[in-house]
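One-based numbering, in listed order, for ligands and for the atoms of each.
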Amino acid sequence: MSKVVSGIRPTGNLHLGNYFGAVQNFIRMQEEHDCYFFIADWHSLTTHPTPEQLHNNVRQVLAEYLACGIDSEKACIYVQSDVKEILELYLLLNMNAYLGELERTTSFKDKARQQPNNVNAGLLTYPVLMASDIIIHKANQVPVGKDQEQNLEMARKFARRFNNMYGSEVFPIPKPYTYNGAEMVKVPGLDGSGKMGKSEGNGIFLIDTDKQITKKVMKAVSDSGPTEPNQEKPEAIQNLFTLMSIVSEPSTLDFFNDKYNACEIRYGDMKKQLAADIIQYVTPIRKNIEDIYNDEAYLAKVAKQGAEKARESAAATLKEVRKLIGFRNF
Ligand code: ADP
Ligand code: TRP
């Protein structure tokens with residue numbers, strides 16, 4: 001059974017893109033692998049949240065992941081800052097992480113451009129902390145999106161470098177992981193082009209009310225309709241169909257496809273159906289989120305249990321690492 005580690009930055013509510021693109025795979029993975037899923041609250045400090053924001057975001061993300069079906073009995077779910085062992089490894093890895101390679105990282109360059117008044121050292125060493133998160137559990141596989149590929153490549157580099165330096169195989173080299181080698185689902189936005197995302201400002205969130213969902217879907221970009229049978233779909237229209245293929249019954253999708261191909265489609269009807277199907281999908285999850293968010297005792301229990309298991313795994317690795325480096329007890 002391979003070890004899987006993945007971190008989630010607590011930066012906002014989950015949208016359908018996060019759910020179908022990432023969370024659903026976590027739920028499948030937890031059945032087959034030894035999974036460590038954590039909330040990367042230290043990482044989120046690079047953008048200086050207020051204390052209230054920090055705490056609320058962690059609590060919200062934890063509640064949302066549990067509500068979706070990530071199961072604390074199957075996977076180890078924890079808050080990064082509860083596992084101080086990660087910091088020791090972070091310090092040790094920093095000794096072999098070079099300024100030049102850190103400065104060349106695309107995500108660092110992007111952030112430095114986005115927040116020129118806050119180019120802090122945490123931002124620079126973000127990939128080192130991420131590498132610690134991963135290799136502290138001797139992870140074999142890391143499910144991450146495209147934007148994290150370079151950070152994962154750095155983690156592989158730091159693991160290899162440490163192994164070589166101390167002539168050991170203490171760290172497996174972590175591989176990127178796609179569930180069953182499947183193409184990752186990309187959930188489109190409904191604003192004409194591109195993906196659904198927080199920064200794109202086009203998210204349909206799991207906690208949105210029925211009314212908000214309906215409003216967002218009814219506002220989706222469409223056009224005046226096809227003029228010839230079996231016409232190719234422009235991007236905005238394809239996006240409506242793609243979202244429908246994700247949330248609706250196949251027969252519903254076929255129905256609207258046939259209408260489109262016969263030039264009889266009414267986008268108003270299609271959007272109403274799509275909104276209804278999204279609502280049906282998210283209603284039970286939304287209810288769960290509310291219940292779990294308000295159940296402080298349950299959240300505390302999950303976090304405590306997760307931290308204990310994660311610390312045990314982390315401490316075992318650190319013990320080997322300290323010995324390799326030459327730390328000895330008197
Ligand atoms: P956002 O794009 O909202 O900022 P993140 O970058 O925090 O979301 O992504 C968290 C996870 O959700 C990643 O694994 C990412 O690949 C996945 N994800 C985000 N948006 C989508 C989308 N539209 N389609 C598929 N997966 C997505
Ligand atoms: N950097 C990741 C992101 O922004 C979050 C993250 C932190 C992570 N540590 C990790 C992901 C370890 C995978 C493994 O999405």
Side-chain angles (χ1 to χ4, degrees), residues 3-27 29 35-47 57-58 60-61 64-65 68 70 75-76 78-81 83 86-87 89-90 93 105-108 110-111 114 122-123 125-156 158-159 174-179 182-191 193-206 239 242-243 245-247 310 314:
K3 272 203 176 181
V4 174
V5 173
S6 198
I8 299 128
R9 267 174 312 135
T11 49
N13 297 106
L14 290 180
H15 52 72
L16 297 180
N18 301 134
Y19 181 79
F20 291 105
V23 181
Q24 268 203 337
N25 284 338
F26 291 175
I27 294 166
M29 284 173 209
C35 291
Y36 290 78
F37 298 131
F38 68 94
I39 298 171
D41 55 348
W42 280 324
H43 276 117
S44 76
L45 294 183
T46 55
T47 50
N57 287 347
V58 171
Q60 183 72 32
V61 169
E64 292 196 357
Y65 277 81
C68 289
I70 295 185
C76 176
Y78 62 99
V79 180
Q80 184 187 35
S81 63
V83 184
I86 296 165
L87 289 184
L89 185 58
Y90 170 58
L93 291 181
T105 314
T106 330
S107 54
F108 175 69
D110 286 350
K111 285 281 180 206
Q114 282 164 16
L123 216 46
T125 56
Y126 187 108
V128 187
L129 182 55
M130 181 158 156
S132 308
D133 291 327
I134 296 168
I135 68 179
I136 194 103
H137 298 301
K138 303 195 178 195
N140 313 98
Q141 310 200 74
V142 184
V144 285
K146 262 234 150 317
D147 60 325
Q148 296 298 312
E149 273 173 355
Q150 193 178 26
N151 283 336
L152 181 58
E153 200 43 59
M154 303 282 279
R156 292 161 58 81
F158 296 141
K175 289 198 200 66
Y177 182 40
T178 26
Y179 182 78
E183 267 289 300
M184 297 284 260
V185 178
K186 188 181 121 191
V187 178
L190 291 182
D191 41 5
S193 69
K195 69 162 201 140
M196 183 180 292
K198 244 167 316 209
S199 17
E200 284 75 8
N202 59 4
I204 297 178
F205 296 95
L206 297 179
N239 286 350
T242 302
L243 196 53
S245 74
I246 296 172
V247 296

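- Classification of the Phe38-Tyr78 ring pair by plane angle, with boundaries at 30° and 60°, yields parallel.
- Scanning the protein for heavy atoms near atom 25 (C) of ligand 1, the closest one is Val185 O, 3.1 Å.
- A donor-acceptor pair is defined here as one N or O able to donate and one able to accept, closer than 3.5 Å; such a pair exists between the side chain of Arg156 and the backbone of Pro174.
- Residue contacts with ligand 2, taken as heavy atom pairs separated by less than 4.0 Å, do not involve Leu129 at all.
- With respect to atom 2 (C) of ligand 2, the closest heavy atom belonging to the protein is Gln148 OE1, 3.3 Å.
- Note: Phe26 and Phe37 meet the aromatic proximity criterion, with ring centroids under 6.0 Å apart.
- Between the choices Ala22, Gly189, Gly17, the shortest heavy-atom distance to atom 13 (C) of ligand 1 belongs to Ala22.
- Once rounded to the nearest 0.5 Å, the distance linking OG of Ser81 with CD1 of Ile86 reads 9.0 Å.
- Side-chain atoms of His15 come within 3.5 Å of backbone atoms of Gly17 as a donor-acceptor pair (strictly under, hydrogens ignored).
- Counting only distance, with no hydrogens or angles, the side chain of Gln150 and the backbone of Thr106 share a donor-acceptor pair below 3.5 Å.
- Close contacts between ligand 2 and His43 involve ligand atoms 7 (C), 9 (N) [criterion: under 4.0 Å to a heavy atom].
- Every atom of ligand 1 with a heavy atom of Gly21 under 4.0 Å away is listed here by number and element: 25 (C), 26 (N).
- Heavy-atom proximity to Ile134, at under 4.0 Å, picks out these atoms of ligand 2: 12 (C), 14 (C).
- Protein heavy atom at the shortest distance from atom 4 (O) of ligand 2 is Arg9 NE, 2.6 Å.
- Polar contact check, Val187 against ligand 1: a nitrogen or oxygen pair lies under 3.5 Å apart.
- The ligand atoms of ligand 1 that sit less than 4.0 angstrom from a heavy atom of Met196 are 20 (N), 21 (C), 22 (C), 23 (N).
- Counting heavy atoms only, Gly7 comes closest to atom 5 (C) of ligand 2 of the residues Gly7, Ala22, Pro176.
- Counting only heavy atoms, the protein never gets under 4.0 Å from atom 15 (C) of ligand 1.
- Side-chain atoms of Asn25 never come within 3.5 Å of backbone atoms of Ala22 as a donor-acceptor pair (strictly under, hydrogens ignored).
- For Glu64 (side chain) and Leu14 (main-chain N/O), a donor-acceptor pair under 3.5 Å exists by modelled atom type.
- Looking only at heavy atoms of the protein, atom 4 (O) of ligand 1 is closest to Lys198 CE, 3.4 Å.
- Short contacts between ligand 2 and Val144, defined as distances under 4.0 Å to a heavy atom of the residue, involve ligand atoms 13 (C).
- Of the heavy atoms in Asp147, none comes closer than 4.0 Å to ligand 2.
- The protein heavy atom nearest to atom 3 (O) of ligand 1 is His15 NE2, 2.6 Å.
- No side-chain donor-acceptor contact under 3.5 Å links Asn151 to the backbone of Pro127.
- Near Lys186, meaning under 4.0 Å from any of its heavy atoms, are these atoms of ligand 1: 24 (N), 25 (C).
- The CD1 atom of Ile136 sits 11.0 Å away from the OH atom of Tyr36 when rounded to the nearest 0.5 Å.
- Note that CE of Met130 and CE of Met154 are 10.5 Å apart. Values are rounded to the nearest 0.5 Å.
- Note that CE of Met196 and CG of Asn202 are 6.0 Å apart. Values are rounded to the nearest 0.5 Å.
- Taking every heavy atom of Gly197 and a limit of under 4.0 angstrom, the matching atoms of ligand 1 come to 2 (O), 3 (O).
- A donor-acceptor pair under 3.5 Å is formed between the side chain of Gln80 and the backbone N or O of Asp41.
- Checking only distances, Asn151 never comes within under 3.5 Å of ligand 2, N or O to N or O.
- Looking at atom 2 (O) of ligand 1, its nearest protein heavy atom turns out to be Lys195 NZ, 2.9 Å.
- Distances from ligand 1 to the non-hydrogen atoms of Gln148 include no value under 4.0 Å.
- Neither the backbone nor the side chain of Leu152 comes within contact range of ligand 2; no heavy atom lies under 4.0 Å.
- Between Asn18 and ligand 1, at least one N/O pair is under 3.5 Å apart.
- Inclusion of Ser6 in the set of residues having an N or O under 3.5 Å from an N or O of ligand 2 is not warranted.
- In the vicinity of Val142, heavy-atom distances shorter than 4.0 Å reach the ligand 2 atoms 13 (C), 14 (C).
- Under a 3.5 Å cut-off, the side chain of Ser44 and the backbone N or O of Pro10 do not form any donor-acceptor pair.
- Interface of Asp133 with ligand 2, defined as ligand atoms under 4.0 Å from a residue heavy atom, comprises 7 (C), 9 (N), 10 (C), 12 (C).
- The line from CG of Leu45 to CG of Leu129 is 9.5 Å long, rounded to the nearest 0.5 Å.
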